[in-house]
Amino acid sequence: VNDVRIGVIGAGVMGNIHAANIAARVDGARAVAVADPHAQHVEECAKRHRIDTVYPGATEMLAAEDLDAVVLCSPGDTHGELIEATAIRGVHIFCEKPLERDLARAKAALEAVEKAGVKMMVGFNRRYDPSVRAAVDAAHSGRIGAPLTMHVIARDPVWGSKKKPPGDLFLDTTIHDLDLASWAMADEVEWVSAIGGVAGSRIDDPDWALTTLRFVGGAVATIDNNRLSAHGYDQRLEIAGTGGVVTTDNERLHLASIRDAEGRHYARPQPFFSERYAASYVDEMRAFVRCIRDGGAPEPDGRDGLRALVLAFAAIRSYEEGRPVRPAEITL
Ligand SMILES: NC(=O)c1ccc[n+]([C@@H]2O[C@H](COP(=O)([O-])OP(=O)(O)OC[C@H]3O[C@@H](n4cnc5c(N)ncnc54)[C@H](O)[C@@H]3O)[C@@H](O)[C@H]2O)c1
């Protein structure tokens, strides 16, 4: 079987992470082209990962190359249009989260994917993190009995003053945890409630929030997000069931600890996502390539991407209106 021929769209942080993994750690695939209007980004990405051809845009790349798949790493508000342009050519898609930032475009993109019969996987990489996966396996297998409550702590290091579109915390950060909680609890959400505020110095949009999900079957999940974590990237979760509890801890810079008169001291957590979730980016790309080569369904897929997007909009509305919001209220 020939290598899966991949075109990378967007040569920023995630484009480079995926291109590096495809080049060195994912068997059966090759990045043959990269597209990005940012000339320096696209040239550097191609050089770094030995990609043959560069394009100023996805349209040019899709027209000129015989691709099996694209890895879509441009900003979220470009995804819908690019998914449609890709699907129509019969090319499979790995789409970074969020699926879109606009609900109408997300739905149109999903329809295009389903109509074309191509595969689309969405980059909720936490599903491929070994610790997260082990915890969710414990919930799914009955090892901790029936899951009752889940607590996700996902705090980013200080983001600083970079201007972000409204609702960015929910659409960009919480969205990972909305997918994670839906997957772990294996149930649909009845309502979403979000409270939070602005605690950083130079942004006017929430930079911390506590989001609660009530599931149809009665279970509850809380998601504690902020972009203000002084001690680094704080990523933990706990699921409590009728027969036990499963907990994950942060991965640290190193595992040495010092005991002294004050107690025991550990190194801080890994700095941010590219370090903490390095293994998950490799594994999700292997899974994507495998589902193209061997058949099988991508996981998570476009439906999961849309579900998480609807939940993120419900969280935003709840935050704004100060009341629980049902996903069904989020319509076009
Ligand atoms: N899964 C994760 O852990 C994770 C982490 C960070 C970002 N992301 C997601 O990955 C995506 C990219 O984020 P990033 O941090 O790499 O951003 P980035 O700003 O580093 O890179 C984005 C790149 O896309 C290019 N671009 C803009 N419009 C384009 C277009 N129409 N066609 C092609 N390229 C275009 C930009 O020039 C830039 O080089 C976003 O959807 C983001 O939410 C996911």
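Computed over heavy atoms, backbone and side chain alike; hydrogens, waters and symmetry mates excluded. As the structure lists them, so they are numbered: ligands from 1, and atoms in each ligand from 1.
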Under 3.5 Å: N or O atoms of ligand 1 paired with protein N or O:
residue	atom	partner	partner atom	Å
ligand 1	1 (N)	Glu96	OE1	3.0
ligand 1	1 (N)	Asn125	OD1	3.1
ligand 1	3 (O)	Asn125	OD1	3.4
ligand 1	3 (O)	Tyr281	OH	2.6
ligand 1	16 (O)	Val13	N	3.1
ligand 1	16 (O)	Met14	N	2.8
ligand 1	20 (O)	Val13	N	2.9
ligand 1	37 (O)	Asp36	OD1	2.7
ligand 1	37 (O)	Asp36	OD2	3.4
ligand 1	39 (O)	Asp36	OD2	2.6
ligand 1	39 (O)	His41	ND1	2.6
ligand 1	41 (O)	Lys97	O	2.8
ligand 1	43 (O)	Lys97	O	2.9
ligand 1	43 (O)	Lys97	NZ	3.0
ligand 1	43 (O)	Asp172	OD1	3.2

- Do Phe170 and Ile223 sit in the same hydrophobic cluster, where Ile, Leu, Val, Met, Phe, Trp and Tyr count as joined when their side-chain heavy atoms come under 4.5 Å apart? no
Do the charged groups of [X] and [Y] touch, with an N to O distance under 4.0 Å?
| X | Y | answer |
| --- | --- | --- |
| Asp179 | Arg307 | no |
| Asp27 | Arg286 | no |
| Glu329 | Arg323 | yes |

- Query: For residues Tyr277 and Gln235, is any side-chain donor paired with an opposing acceptor at under 3.5 Å?
  - Reply: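 A pair is found: one side chain offers a donor N or O, the other an acceptor, under 3.5 Å apart.
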- Message: Please list all pairs meeting side chain to side chain donor-acceptor pair (under 3.5 Å) that have one or both residues in residues 79-93, counting only residues at least two apart or in different chains.
- Response: none
